[in-house]
Amino acid sequence: MKTALTIAGSDSGGGAGIQADLKAFSANGVYGMSVITAVTAQNTVEVRSVQDIDTDIIRDQIEAVFDDIQVDAVKIGMLSKPETIEVVIEGLKKYKPSFIVLDPVMVSKGGHHLLQPEAVEKLKELLPLATVITPNIPEAEVLTGLTITNLDDMKKACEKIYELGVKTVLLKGGHLNSEPNDLFYDGQTFHLIEGKRFYTKNTHGTGCTLSAAIAANLAKGMSLLDAVQKAKCYISVAIEHSLDLGHGHGPTHHFYQLYKKELAFNE
Ligand SMILES: Nc1ncnc2c1ncn2[C@@H]1O[C@H](COP(=O)(O)OP(=O)(O)OP(=O)(O)O)[C@@H](O)[C@H]1O
Ligand SMILES: Cc1ncc(CO)c(N)n1
């Protein structure tokens, strides 16, 4: 069986972070493993508190996994602070996994900083190691200093992020008022990854789910563009059937059967 590893934060509410990633890995048919960088006390409404995990045990988790088990793809989510980013960079340089999907998680839907603002410069050092980076609009604005309000702006931001040394960029358009179309850029060609908006408040963990599904697809041997397109299909179904749990933004629904039907319909 193919495998994927998530290096990310834990969400006690189960909708984002490590929990979303492991659910998405399972639903997409790969064996999931985890390196926990931070524990958040979180639900569908808010992040109440965060405890960063000591860098020694982050390093130990990375080494315990890679020393023993084949890792076919890595997904990176919440990294919290510069020291955490540094230890993750060291681990990736040591074990050189074939595929790295970097979700540059910065702020939760409720406005809680999941990455210290002063860690953004350190995060940029991780970019050259990534196969693909998957920023949302606000994250791309932080990385580029640009204001992004339409497709033209998205193109400029992709080019600017590409110049930071990353191999490919998937800029998610979910935060714009238009259809949730994402833009994929490999340094030469733009591909519009089209979506249809579902009018639901239950969008907790959508970014985590998308990036984990991309990692799972890469682990299974898909080409990058195919992995992105199929993951977009997965997240669309997961949002369409998202769950009305809790009092805030409910989670996406990781239900393989629903996704399978949609994929078969599209092919
Ligand atoms: N209401 C929606 N209907 C359909 N697709 C959506 C909707 N909102 C977002 N998407 C899509 O979901 C994916 C995740 O994008 P989004 O911009 O929400 O990520 P994010 O902000 O990083 O999420 P989070 O921080 O909650 O994990 C993208 O492909 C985006 O286009
Ligand atoms: C742990 C964690 N990672 C990522 C996100 C972004 O959705 C979140 N809310 N919580």
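Since this is a predicted model, take the numbers as computed values, not measurements. When a ligand or atom number is given, it counts from 1 through the structure's own listing order.
Inspection of the Q116 and S80 side chains reveals no N or O donor paired with an N or O acceptor under 3.5 Å. Donor-acceptor pairing under 3.5 Å is recorded for the side chains of K75 and S211. A donor-acceptor contact under 3.5 angstrom links the side chains of Y95 and D67, judged on distance only. Side-chain contact check for T252 and T209: at least one donor-acceptor pair (N or O, by modelled atom type) lies under 3.5 Å. In this model, no donor atom of one side chain and acceptor atom of the other lie less than 3.5 Å apart for D21 and Q19.
S242 places no side-chain N or O within donor-acceptor distance of the main-chain N or O of H253, the cut-off being under 3.5 Å. For the pair S223 (side chain) and D226 (backbone), a donor-acceptor distance under 3.5 Å is present. Side-chain N or O atoms of D68 include none that pairs as donor or acceptor with a backbone N or O of A64 at under 3.5 Å.
Contact atoms of ligand 1 toward D182: 28 (C), 29 (O), 30 (C), 31 (O) (distance under 4.0 Å to a heavy atom of the residue). Proximity to A16 (heavy-atom distance under 4.0 Å) selects the following atoms of ligand 2: 5 (C), 7 (O), 8 (C), 9 (N), 10 (N). Within ligand 1, the atoms closer than 4.0 Å to a non-hydrogen atom of L210 are 29 (O), numbered from 1 in the order shown. Using a 4.0 Å cut-off to heavy atoms of K109, the atoms of ligand 1 that qualify are 23 (O), 24 (P), 26 (O). Heavy-atom proximity to T203, at under 4.0 Å, picks out these atoms of ligand 1: 26 (O). The atoms of ligand 1 that sit less than 4.0 Å from any heavy atom of K196 are 3 (N), 4 (C). Proximity to V105 (heavy-atom distance under 4.0 Å) selects the following atoms of ligand 2: 4 (C). Of all atoms in ligand 2, numbered sequentially from 1 with element shown, those under 4.0 Å from a heavy atom of G9 are 1 (C).
Considering backbone and side-chain N/O of N136, one or more are found under 3.5 Å from N/O of ligand 1. Here's the thing with H204: none of its N/O atoms is less than 3.5 angstrom from an N/O atom of ligand 1. Looking at H175 next to ligand 1, an N or O pair under 3.5 Å apart turns up. Below 3.5 Å of separation, one finds an N or O of G207 facing an N or O of ligand 1. Below 3.5 Å of separation, one finds an N or O of P180 facing an N or O of ligand 1. Looking at F198 next to ligand 1, an N or O pair under 3.5 Å apart turns up. Between K232 and ligand 1, an N or O atom pair is found at a separation short of 3.5 Å. Between K172 and ligand 1, a contact under 3.5 Å exists for at least one N or O pair.
Ion pairing of E63 with K94 is present here, as a side-chain N (NZ or NE/NH1/NH2) and a carboxylate O approach within less than 4.0 Å.
Here the protein heavy atom with the shortest distance to atom 8 (N) of ligand 1 is R197 NH1, 4.0 Å. When hydrogens are left out, the protein atom nearest atom 5 (C) of ligand 2 is L114 CD1, 3.6 Å; that is the closest non-hydrogen contact. Counting protein heavy atoms only, atom 10 (N) of ligand 1 is closest to I239 CD1, 3.6 Å. For atom 9 (C) of ligand 1, the nearest protein heavy atom (residue, atom name, distance) is G174 CA, 3.8 Å.
At a 4.0 Å heavy-atom cut-off, ligand 1 touches T206 through backbone and side chain alike. Using a 4.0 Å cut-off between heavy atoms, C208 contacts ligand 2 through its side chain alone, with no backbone atom that close. At a 4.0 Å heavy-atom cut-off, ligand 2 does not touch V47 at all.
Relative ring orientation between Y185 and F190 is described as parallel, the plane-to-plane angle staying below 30° on a 0-90° scale split at 30° and 60°. Using bins of under 30°, 30° to 60° and over 60° for the plane-to-plane angle, the ring pair F184/H191 lands in the tilted bin.
Contact annotation: the side chain of I57 never approaches that of I36 to less than 4.5 Å [non-hydrogen atoms, C-beta and beyond].
Considering Q42, M106, Q19, K109 only, the shortest heavy-atom separation from atom 9 (N) of ligand 2 involves Q42.
Within the 4.0 Å heavy-atom shell around ligand 1 one finds C208. The closest approach between a heavy atom of G195 and any atom of ligand 1 is not below 4.0 Å. Ligand 2 lies out of reach of G77, whose nearest heavy atom is not under 4.0 Å from it.
Hydrophobic clustering (side-chain heavy atoms under 4.5 Å, transitive across Ile, Leu, Val, Met, Phe, Trp, Tyr) groups L92 together with L123. In the hydrophobic clustering of ILVMFWY residues, with side-chain heavy atoms under 4.5 Å counting as a link, L164 and I133 come out together.
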Worked check of side-chain contact (heavy atoms from CB on, under 4.5 Å) between T168 and L224: CA-CA 9 Å; T168 60; L224 181 52; 3.3 Å; yes

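Among T134, L129, L127, the one residue that satisfies the side chain to side chain contact (heavy atoms under 4.5 Å, CB included) test with L102 is L127.
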